[in-house]
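Taking it in order: structure first as structure tokens, then the write-up.
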Amino acid sequence: MKIAETVLVINSGSSSLKYQLIEPHNGASLAAGLVEQIGEPMSHIRHMSGGLEVNRELAVEDHTQALRQVLQLFEEVGPKLEEANIVAVGHRVVQGGRHFSSAAIVDDRVRDLIEELSPLAPLHNPPNLKGIDVARELLPDVPHVVVFDTAFFQTLPEEAATYALDAEIAEKYSVRRYGAHGTSHKYVSDKVEEILGTTDIRQVVLHLGNGASASAVTGGVAVDTSMGLTPLEGLVMGTRTGDIDPAAVFHLQRVAGMSVDDVDTLFNKKSGLKGLTGDNDMRAVRARAGSGDKRARLAIDVLLHRLVRYVGAYATQMGGLDVLVFTAGIGENDVQLRRELCERLSIFDIELNETANAMRSKEPRTISTPRSKVRVMVVPTNEELAIAQQAVELIK
Ligand code: AMP
């Protein structure tokens, strides 16, 4: 079967490689999968295509082997790549620094810039780059496009992007707010503008997944966002603290004898919902709170408190709020969280339509009543599709 134009989207992590074959013009996903535990004695591969799911356990030494395995699965299980009409490979890259305000076609210069930016995203850019290098080697005949998590936030006004830090040090070491999750915030805010038929709206987008971030978007442009130099700043997340007094770092080093790496791991991997409750999965925290677990209830309250702070601040900065948008795992699915947050935002005269709020759907939808002063929407994010669409746009 000959397929319409497709893009292979790759998201390469330190020990994982996720992929999806997408038709960008209609969003159809022809195949998706992931390789996990790369470099460990036993790795796991899952490939899904046309209702089939193939799982394999075998040792996958490195990212080159991982991608070879994936290409072989396409050959064995389908769709066959030579028939898939791949016009580009799209790569997710976390940090584009000040170099990239939009997607870019990979050449040696772009590749090296991504490498240069690695100190700003030591956990993310190096594994992203591995995926790019391997894919360029194994799929040399198609253009490779990089889509940066930070690009959408390059429009942030200087006052929103600047930390009140010694200016020379900040400049020398590139310490400023870059944001993250930009691909999702752009996709979701674009979708809202498309549905409402205007960019003349003040939106707060809440991407609430295992990672979580808020953005303020007005006139189609991002004017503030909660993630900063790295994805650690801002909202309460699955395993990350979000905002915390930086003096907590000094305190823990002095008093608890923790090293820089200890604190890094504590803040990034052992905090947030996980730190507060032991569970990083909101469904589990929600279930525990429902059966009277006080720690779980407190964790949700801390998360809500932080959200109120951001929504209030962003609405004030934009001079008002027209649309509040929920997306990602928690934002799209946690009916109660949306209700609780909107109740806490009563100053905005929000009126939720409870039936619409409780409805499950993969479609973008409005969940407020026509009387509500702020339109509240749920817009499912699709970062892979956004990457595929940006890749195709760029190569044309
Ligand atoms: P993501 O990173 O976007 O995949 O989102 C993952 C988060 O979404 C996890 O914390 C999940 O527990 C949460 N999630 C998924 N479904 C639900 C649900 N029905 N209710 C509450 N949280 C959910």
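Numbering of ligands and ligand atoms starts at 1, following listing order. Remember, predicted model here, so these are calculated numbers, not experimental data.
- When the heavy atoms of Glu383, Lys274, Arg283, Gln336 are ranked by distance to atom 20 (N) of ligand 1, first place goes to Arg283.
- Aromatic pair Tyr178/Phe148: ring centres not closer than 6.0 Å.
- Here the heavy atom of the protein found nearest to atom 2 (O) of ligand 1 is Asn210 N, 2.8 Å.
- For atom 19 (N) of ligand 1, the closest heavy atom belonging to the protein is Asn333 CB, 3.3 Å.
- The protein reaches atom 16 (N) of ligand 1 closely, with a heavy atom under 4.0 angstrom from it.
- Nearest to atom 9 (C) of ligand 1 among the protein's heavy atoms is Met282 N, 4.0 Å.
- Applying side-chain contact (heavy atoms from CB on, under 4.5 Å) to Leu324 and the options Val374, Ile367, Val205 leaves one that passes, Val374.
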Would you be so kind as to tabulate the donor-acceptor pairs closer than 3.5 Å made by side chains of residues 278-285, with sequence neighbours excluded?
residue, atom, partner, partner atom, Å
Asp279, OD2, Arg288, NH1, 2.9
Asp281, OD1, Arg283, N, 2.8
Asp281, OD1, Arg283, NE, 3.3
Asp281, OD2, Arg283, NH2, 3.3

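- For the pair Glu383 and Lys18, the salt-bridge criterion is not met [side-chain N within less than 4.0 Å of a carboxylate O].
- An N or O contact shorter than 3.5 Å links Gly329 to ligand 1 by distance.
- With atom 13 (C) of ligand 1 as the reference point, the heavy atom nearest to it among Thr381, Ile330, Leu337 is part of Ile330.
- For His181 and Phe152, the gap between ring centers reaches or exceeds 6.0 Å.
- In terms of polar-atom proximity, Gly209 is not counted as a contact of ligand 1, lacking any N or O under 3.5 Å from an N or O of the ligand.
- The atoms of ligand 1 that sit less than 4.0 Å from any heavy atom of Ala328 are 3 (O).
- Within the structure, side chain to side chain donor-acceptor pair (under 3.5 Å) pairs that include any residue of residues 364-380 comprise Glu351-Thr369, Glu351-Arg371, Thr366-Arg375 (at least two apart or interchain).
- For the pair Arg286 and ligand 1, no heavy-atom separation below 4.0 Å is found.
- Between the side chains of Asn55 and His44, at least one donor N or O lies within less than 3.5 Å of an accepting N or O.
- Atom 12 (O) of ligand 1 has its closest protein heavy atom at Asp281 OD1, 2.4 Å.
- Residues Gln203 and Thr218 have side chains that never bring a donor and an acceptor to within less than 3.5 angstrom of each other.
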